Undergrad: 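Below: one structure in structure tokens.
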Amino acid sequence: MDNLYQAIFKGLAPLAKTAVKESLDNGKTPQDIIDESMIPAMEAIGQEFEAGRVFVPNLLLSARAMKMALDILKPLMLAGQTTTVGTVVIGTVKGDLHDIGKNLVASMLEGRGFKVINLGTDVSKERFIEAAKENDADIICLSALLTTTMDYMKEVVDAVKADGLNVKVMVGGAPLNQEFADTIGADGYSSNANEAVVVAKKLLS
Ligand code: B12
């Protein structure tokens with residue numbers, strides 16, 4: 001439990017900024033920092049919330065600290081990139097405001113050479129399709145964290161098929177699994193941001 005883990009867990013954004021720089025100075029890569037400190041801290045605060053020991057404001061503070069830290073790492077992950085592997089449109093589906101995991105997936109994809117159009121949260125099927133067309137996207141990535149919003153993913157998949165759009169759809173988010181992804185007719189699924197890159201590359205090949 002290093003300083004960055006503590007800062008995100010406690011929702012202390014200024015401390016998170018200092019701690020992320022400290023970790024970089026200590027020779028850690030952005031990937032190590034995300035995997036070893038940031039994701040575990042978010043998981044831990046999530047467990048505290050589920051156990052009723054912390055509340056929504058604590059989650060918001062942790063989410064803010066997480067975003068601040070990620071904002072510092074993002075340019076470093078993009079440094080030196082010249083070619084684009086493919087284009088991805090990503091968003092959290094309609095009705096859902098969770099964006100931490102989705103932003104991590106977006107950053108990982110960007111960091112590995114994808115052009116990423118991040119539509120944010122509460123995104124409708126029409127907006128996904130419109131953005132995919134506008135940007136000639138190869139993949140649409142859908143995120144959902146609520147059992148009440150994950151079903152909307154099927155609506156997006158169906159709308160993409162009905163439109164005849166030549167684009168793959170990849171889904172993810174804590175309540176999902178491969179079986180759900182198969183059931184709704186998604187082309188790809190991953191339970192985490194690192195594997196999302198592997199799956200996305202496979203979908204393009
Ligand atoms: C932080 C949080 C919030 C924050 C969100 C802040 C933000 N900017 O995102 C706030 C406080 C706003 C919030 C609000 C709510 N939340 Co909330 N929240 C969480 C919490 C604690 C953590 C989520 C998180 O960020 N995890 C960390 C990230 C890194 O993990 P992740 O999102 O799973 O993403 C990873 C993978 O899933 C995957 N992935 C994610 N997206 C994608 C997409 C693709 C394409 C791929 C391939 C992979 C992928 O890769 C990511 C990185 O590895 C979870 C509990 C939990 N343990 O998950 C509850 C949780 C999701 N929330 C819950 C609830 C109920 C709510 C509220 C309804 C609460 C309320 N009463 O108001 C509202 C809903 C608001 C809305 N309309 O969306 C429930 C959902 C229960 C359910 N069955 O649906 C949970 C599970 C908590 C609980 N047990 O009660 N929440």
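Ligands are counted one by one from 1 in listed order, and the atoms in each one are counted from 1 as well. No experiment lies behind these values; they were computed from the predicted model shown. Each residue takes its place number in the sequence, starting with 1.
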Undergrad: In the protein, what heavy atom is nearest to atom 12 (C) of ligand 1, and what distance, to one decimal place, separates them?
TA: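 Checked against all protein heavy atoms, atom 12 (C) of ligand 1 sits closest to Leu60 CD2, 3.8 Å.
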
Undergrad: Indicate yes or no for a side-chain donor-acceptor contact from Asn58 to the backbone of Phe55 under 3.5 Å, with no hydrogens or angles considered.
TA: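 Yes; judged by distance alone, with no hydrogens or angles, the pair exists.
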
Undergrad: Taking atom types as modelled, find out whether Asp182 and Gln178 have a side-chain donor-acceptor pair closer than 3.5 angstrom.
TA: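 Side-chain D/A pair, Asp182 to Gln178: present.
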
Undergrad: Which of the listed options, Gly188, Ser143, Ser62, Ala106, holds the heavy atom that is closest to atom 41 (N) of ligand 1?
TA: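 The option holding the nearest heavy atom is Ser143.
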
Undergrad: Out of Asp99, Val199, Val88, Val169, who is nearest to atom 7 (C) of ligand 1 when you count heavy atoms only?
TA: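 It is Asp99 whose heavy atom sits nearest to atom 7 (C) of ligand 1.
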
Undergrad: Hey, is CZ on Arg112 packed in by over 12 heavy atoms from elsewhere, all under 6.0 Å?
TA: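 Yes, because the 6.0 Å sphere around CZ of Arg112 holds more than 12 heavy atoms from other groups.
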
Undergrad: Nearest non-hydrogen contact with atom 26 (N) of ligand 1 belongs to which option: Met42, Glu43, Met170?
TA: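 Among Met42, Glu43, Met170, the closest heavy atom to atom 26 (N) of ligand 1 belongs to Met42.
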
Undergrad: So which heavy atom on Ala106 is nearest to which on Val116, and how close?
TA: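 Between these two residues, the closest heavy atoms are O-CG2, 3.8 Å.
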
Undergrad: Say whether Gly95, considering both its backbone and side-chain N or O atoms, lies within less than 3.5 Å of an N or O atom on ligand 1.
TA: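 So ligand 1 has an N or O lying under 3.5 Å from an N or O of Gly95.
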
Undergrad: Under 4.0 Å from atom 85 (C) of ligand 1, do we find at least one protein heavy atom?
TA: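 So atom 85 (C) of ligand 1 lacks protein heavy-atom neighbours under 4.0 Å.
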
Undergrad: Please check: side-chain N/O of Asp122 versus main-chain N/O of Leu97, any donor-acceptor pairing under 3.5 Å?
TA: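 It does not hold such a pair.
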
Undergrad: Do me a favour and list the nearest non-hydrogen protein atom to atom 83 (N) of ligand 1 with residue, atom name and distance?
TA: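 The closest one turns out to be Thr147 OG1, 3.1 Å.
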
Undergrad: Going by a strict under-4.0 Å cutoff (protein heavy atoms only), does atom 36 (C) of ligand 1 have a neighbour on the protein?
TA: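 It does: a protein heavy atom is found less than 4.0 Å away from atom 36 (C) of ligand 1.
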
Undergrad: Looking at Phe49, which atoms of ligand 1 are within less than 4.0 Å of one of its heavy atoms?
TA: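 Counting from 1, the qualifying ligand atoms are 87 (C), 90 (O).
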
Undergrad: Provide, to 0.1 Å, the distance between atom 46 (C) of ligand 1 and the closest protein heavy atom, together with that atom's residue and name.
TA: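 Sorting protein heavy atoms by distance from atom 46 (C) of ligand 1 puts Gly172 CA, 3.5 Å first.
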
Undergrad: Consider every N or O of Ala174 and every N or O of ligand 1, then say whether any pair is closer than 3.5 Å.
TA: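 So ligand 1 has an N or O lying under 3.5 Å from an N or O of Ala174.
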
Undergrad: Name the option, out of Asp35, Leu145, Thr92, Asn194, that contains the heavy atom nearest to atom 32 (O) of ligand 1.
TA: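 Shortest heavy-atom distance from atom 32 (O) of ligand 1: Leu145.
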
Undergrad: Gly173 near ligand 1, heavy-atom distance under 4.0 Å?
TA: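 Yes, Gly173 has a heavy atom closer than 4.0 Å to ligand 1.
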
Undergrad: Does the Asn192 side chain pair with the main chain of Asn194, one donor and one acceptor, at a distance under 3.5 Å?
TA: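 Answer holds: yes.
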
Undergrad: By number and element, which atoms of ligand 1 are closer than 4.0 Å to a non-hydrogen atom of Cys141?
TA: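 In order of number, 45 (C).
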
Undergrad: Grab the two heavy atoms, one from His98 and one from Thr121, that are nearest each other, plus how far apart they are.
TA: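 The answer is O-CG2, 4.1 Å.
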
Undergrad: Is atom 71 (N) of ligand 1 touching the protein, meaning some protein heavy atom lies under 4.0 Å away?
TA: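 Flag for atom 71 (N) of ligand 1 set to false, no protein heavy atom closer than 4.0 Å.
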
Undergrad: Once you restrict to heavy atoms under 4.0 Å, what part of Ser191 touches ligand 1? Side chain, backbone, both or neither.
TA: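 The answer is the backbone of Ser191.
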
Undergrad: Nearest non-hydrogen atom to atom 29 (C) of ligand 1 belongs to which of Leu97, Ile34, Ile139, Leu104?
TA: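 Ranked by closest heavy atom to atom 29 (C) of ligand 1, first place is Leu104.
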
Undergrad: Show me which atoms of ligand 1 lie under 4.0 Å from any heavy atom of Asp96.
TA: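 Near Asp96, the atoms of ligand 1 are 78 (O).
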
Undergrad: Please tell me if atom 14 (C) of ligand 1 is touched by the protein, where touching means a protein heavy-atom distance below 4.0 Å.
TA: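 Yes.
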
Undergrad: Which residue and atom name correspond to the protein heavy atom nearest atom 31 (P) of ligand 1, and how close is it?
TA: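 Among all protein heavy atoms, the one nearest atom 31 (P) of ligand 1 is Gly101 CA, 4.0 Å.
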
Undergrad: Distance from Lys94 atom NZ to Leu142 atom CG, nearest 0.5 Å?
TA: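 Rounded to the nearest 0.5 Å, the NZ-CG separation comes out at 14.0 Å.
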
Undergrad: Tell me the nearest of Asn58, Leu142, Leu109, Ile39 to atom 43 (C) of ligand 1, using heavy-atom distances.
TA: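 Looking at heavy atoms only, Leu142 sits closest to atom 43 (C) of ligand 1.
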
Undergrad: Are more than 12 heavy atoms, taken from residues, nucleotides or ligands other than Glu134, located less than 6.0 Å from that residue's CD atom?
TA: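 Counting other residues, nucleotides and ligands, CD of Glu134 exceeds 12 neighbours.
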
Undergrad: How far is atom 53 (O) of ligand 1 from its nearest protein heavy atom, and which residue and atom name does that atom have?
TA: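 For this ligand atom, the closest protein heavy atom is Ala193 N, 3.2 Å.
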
Undergrad: If I compare all heavy atoms of Asp96 with all of Leu145, which pair ends up nearest, and what's the gap?
TA: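 The pair with the smallest heavy-atom distance is OD2-N, 2.8 Å.
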
Undergrad: Considering only the protein, which heavy-atom contact is closest to atom 11 (C) of ligand 1, and what is its distance?
TA: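 Protein heavy atom with the smallest distance to atom 11 (C) of ligand 1: Val56 CG1, 3.6 Å.
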
Undergrad: Identify, for atom 16 (N) of ligand 1, the protein heavy atom at the shortest distance, and state residue, atom and that distance.
TA: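 The protein heavy atom lying closest is His98 NE2, 3.1 Å.
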
Undergrad: For the residue pair Lys115 and Asn135, what are the closest heavy atoms and their distance?
TA: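 Closest heavy-atom pair between Lys115 and Asn135: NZ-OD1, 4.4 Å.
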
Undergrad: Starting from atom 88 (C) of ligand 1, find the nearest protein heavy-atom neighbour and note its residue, name and distance.
TA: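 The answer is Glu50 CG, 3.7 Å.
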
Undergrad: Please find the pair of heavy atoms, one from Cys141 and one from Leu109, that lie closest to each other, and give the distance.
TA: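 Between these two residues, the closest heavy atoms are SG-CD1, 4.3 Å.
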
Undergrad: Is the shortest distance from atom 55 (C) of ligand 1 to a protein heavy atom below 4.0 Å?
TA: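 It does: a protein heavy atom is found less than 4.0 Å away from atom 55 (C) of ligand 1.
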
Undergrad: Looking only at heavy atoms, what is the nearest atom pair of Ala69 and Leu4, with distance?
TA: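 Nearest pair, atom of Ala69 first, then Leu4: CB-CD1, 4.2 Å.
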
Undergrad: Between Asp2 and Ser37 (side chain of the first, backbone of the second, donor and acceptor by atom type, cut-off under 3.5 Å), is there such a pair?
TA: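 Between the backbone of Ser37 and the side chain of Asp2 there is no qualifying donor-acceptor contact (under 3.5 Å).
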
Undergrad: Roughly how far, to the nearest 0.5 Å, is the OG atom of Ser23 from the CG atom of Asp32?
TA: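 Here the rounded value is 10.0 Å.
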
